[in-house]
**Student:** 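Below you will find the structure I want to go over with you.
Computed from heavy atoms alone, side chains included, the values below leave out hydrogens, waters and symmetry copies.
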Amino acid sequence: MVPTERLEQIIQRFQFLEASMAEGGDIDIAAVAKEYSDMRPVVEQIEAYRVLLSDIAEAEAMLADPEMKELAEEELPELRRALPEAEAALQLSLLPKDAADGRPALIEIRPGTGGDEAALFAGDLLRMYHRYAEARGFKVEMLEESSTELGGIKEAVMRVSGQDVFARLKFESGVHRVQRVPETESGGRIHTSAATVAVLPEAEDVDIEIHPNDIRIDTMRASGSGGQHVNTTDSAVRITHIPSGIVVTSSEKSQHRNREIAMQVLKTRLFDAERQKVHDERSANRAEQVGSGDRSERIRTYNFPQGRMSDHRINLTLYKLDAIMQGDLDEIIDALIADHQSQLLAEMNG
């Protein structure tokens, strides 16, 4: 179980933060308030655990009292049954938090192998995540979307904001494979194609500083899908980050807005690269099934003829593909989060 000294240190830190906010003075009130808010659920779990231990100790002491023994024998089994659950809840609350979990996320979707069918599947994934986000009450904003003549997606970047967005979506990064008879296929043969998904926590200004000399900004003619929008203007913006080679484009109607979007996406990709570097260093000596961050990893297969979705990281198979493509993803996401938490618990107790 968690050492008593560690629990005491957490309580003392929480009380110090509480006193600091009450006194005011020369402190960063926003930072202190955030840490206090983040610690509150942990402290509540510690207090609930301590109350339960105290109740068990009292009931055990009552066994020696002939008048109270019968009551104690009645209460003790129930109290002891509650203990493992309380310990598990406490350990979960003590798991290291990803500082980016509460941030908005950028979802980038691109077709992989499979030509037109891969682009159509990329469009299906875009709609799936859009529906999931809306069902959870998240706000969705399309930053970039370029289409093929058949209605597929060449590239899409979607910003999703709301409570714990990145925490819910971060395990979606990877290669998504589809097996189905393409709409363009007259022979009825099942094809396999793929699309890649990258979920990035949105960067804040304090995370990444971009030196003006490190970027090149080009404006260019925005092109519509399938040859449409002939009367285009030179509004599209392409930003190249010279040190990393990252190139970002935005082709909405407003050049000013395109510059804003492209800079935000560039900051987010640079921030993600930094996080990935730190993650790789930490996990160099251990294999992680979920959250490996390897975007070349095939994580999931969507088999339309059998109505089946299989997540290969956790060996989860569900036969409700229609509902999943409509955005019913919570069962999958909850299972991925639970698996990740179990790995963290194993590390913490190892």
Side-chain angles (χ1 to χ4, degrees), residues 104-135 138-161 169 172-186 191-200 202 218-240 246-266 268-269 295 300 302 304 321-322 324-327 329:
L106 298 193
I107 304 178
E108 302 181 344
I109 302 174
R110 296 177 181 84
T113 55
D116 288 334
E117 172 61 14
L120 289 168
F121 179 53
D124 291 337
L125 290 177
L126 176 65
R127 286 182 287 275
M128 178 182 80
Y129 289 122
H130 202 294
R131 287 164 183 151
Y132 174 72
E134 289 185 333
F138 296 155
K139 182 183 176 185
V140 178
E141 179 186 6
M142 289 305 305
L143 301 184
E144 181 71 17
E145 183 177 0
S146 56
S147 304
T148 65
E149 291 186 9
L150 293 175
I153 293 292
K154 292 179 186 174
E155 179 183 24
V157 182
M158 179 168 68
R159 180 181 187 269
V160 185
S161 57
L169 292 170
E172 293 302 299
S173 290
V175 177
H176 296 241
R177 185 177 70 164
V178 64
Q179 295 172 325
R180 65 184 176 188
V181 178
E183 294 174 20
T184 54
E185 175 72 51
S186 58
H191 281 221
T192 298
S193 54
T196 61
V197 175
V199 181
L200 318 179
E202 186 174 63
D218 301 305
T219 56
M220 52 194 179
R221 191 168 292 270
S223 60
S225 57
Q228 299 170 3
H229 313 302
V230 176
N231 298 319
T232 55
T233 58
D234 293 327
S235 66
V237 170
R238 179 175 62 213
I239 298 180
T240 303
I246 293 174
V247 178
V248 178
T249 60
S250 182
S251 50
E252 296 300 307
K253 292 179 182 177
S254 160
Q255 187 177 117
H256 177 71
R257 177 65 178 141
N258 282 335
R259 190 176 290 236
E260 278 183 6
I261 290 172
M263 280 300 292
Q264 184 58 47
V265 173
L266 175 59
T268 294
R269 288 188 186 167
R295 306 234 168 89
R300 198 174 291 160
Y302 304 75
F304 277 74
L321 187 55
D322 287 347
I324 288 166
M325 298 310 295
Q326 291 298 316
L329 298 175

**Student:** Over all heavy atoms of both residues, which pair between T196 and V175 is shortest? Give the atoms and the distance, please.
**Tutor:** CG2-CG2, 4.1 Å
**Student:** For R177, enumerate each residue passing the side chain to side chain donor-acceptor pair (under 3.5 Å) test, keeping only those at least two apart in sequence or located in another chain.
**Tutor:**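 With neighbours one apart ignored, the set is T301.
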**Student:** Rounded to the nearest 0.5 Å, how far does CD of Q179 lie from OG of S193?
**Tutor:**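 Atom-to-atom, S193:OG and Q179:CD are 9.5 Å apart.
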**Student:** To the nearest 0.5 angstrom, please state how far the CD1 atom of I153 sits from the OG atom of S147.
**Tutor:** 4.5 Å
**Student:** Can you see which heavy atom on A195 is nearest to which on F121, and at what distance?
**Tutor:** CB-CD2, 3.9 Å
**Student:** List the steps, then state whether side chain to side chain contact (heavy atoms under 4.5 Å, CB included) holds for Y302 with M128.
**Tutor:** CA-CA 12 Å; Y302 304 75; M128 178 182 80; 3.8 Å; yes
**Student:** Considering non-hydrogen atoms only, spot the tightest contact between R131 and G327 and give its length.
**Tutor:**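 R131 and G327 have their closest heavy atoms at CB-CA, 4.2 Å.
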**Student:** Let me confirm one number: the CD-CG distance from E149 to D116, rounded to the nearest 0.5 Å.
**Tutor:**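 Reported to 0.5 Å precision, the distance equals 9.0 Å.
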**Student:** Is the closest side-chain heavy-atom distance between R300 and I324 below 4.5 Å?
**Tutor:** no
**Student:** Identify which one of T249, L143, I246 satisfies the side-chain contact (heavy atoms from CB on, under 4.5 Å) criterion when paired with V265.
**Tutor:** L143
**Student:** If you measure from CZ on R180 to CG on L321, what distance do you get to the nearest 0.5 Å?
**Tutor:** 9.0 Å
**Student:** Could you tell me which non-hydrogen atom of E202 sits nearest to which non-hydrogen atom of T268, and how far apart they are?
**Tutor:**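 Taking every non-hydrogen atom into account, CA-OG1, 3.6 Å.
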**Student:** Which salt bridge (charged side-chain N to carboxylate O under 4.0 Å, His left out) pairs, counting each pair once, include a residue from residues 139-148, with sequence neighbours left out?
**Tutor:** E141-R257
**Student:** Between atom CD of E155 and atom OG1 of T148, what is the distance when rounded to the nearest 0.5 Å?
**Tutor:** 13.5 Å
**Student:** For residues V160 and A133, report the shortest heavy-atom separation together with the two atoms involved.
**Tutor:** CG1-CB, 3.9 Å
**Student:** Is there a side-chain contact between Y129 and I109 (heavy atoms, below 4.5 Å)?
**Tutor:** yes
**Student:** How far does CE of M325 sit from CG of D124, to the nearest 0.5 angstrom?
**Tutor:** 4.5 Å
**Student:** Quick one: are V181 and F304 in side-chain contact, heavy atoms under 4.5 Å?
**Tutor:** no
**Student:** Side chains of E172 and L125: closer than 4.5 Å at any heavy-atom pair?
**Tutor:** no
**Student:** Using every non-hydrogen atom in the two residues, find where A122 and P111 come nearest and quote the distance to one decimal.
**Tutor:** CB-N, 4.1 Å
**Student:** Can you name the residues that form a side chain to side chain donor-acceptor pair (under 3.5 Å) with E108, not counting sequence neighbours?
**Tutor:**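 For E108, the residues satisfying side chain to side chain donor-acceptor pair (under 3.5 Å) (neighbours in sequence not counted) are R110, R269.
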**Student:** Donor-acceptor check, side chain of S161 to backbone of P104, threshold 3.5 angstrom: yes or no?
**Tutor:**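 It does not hold such a pair.
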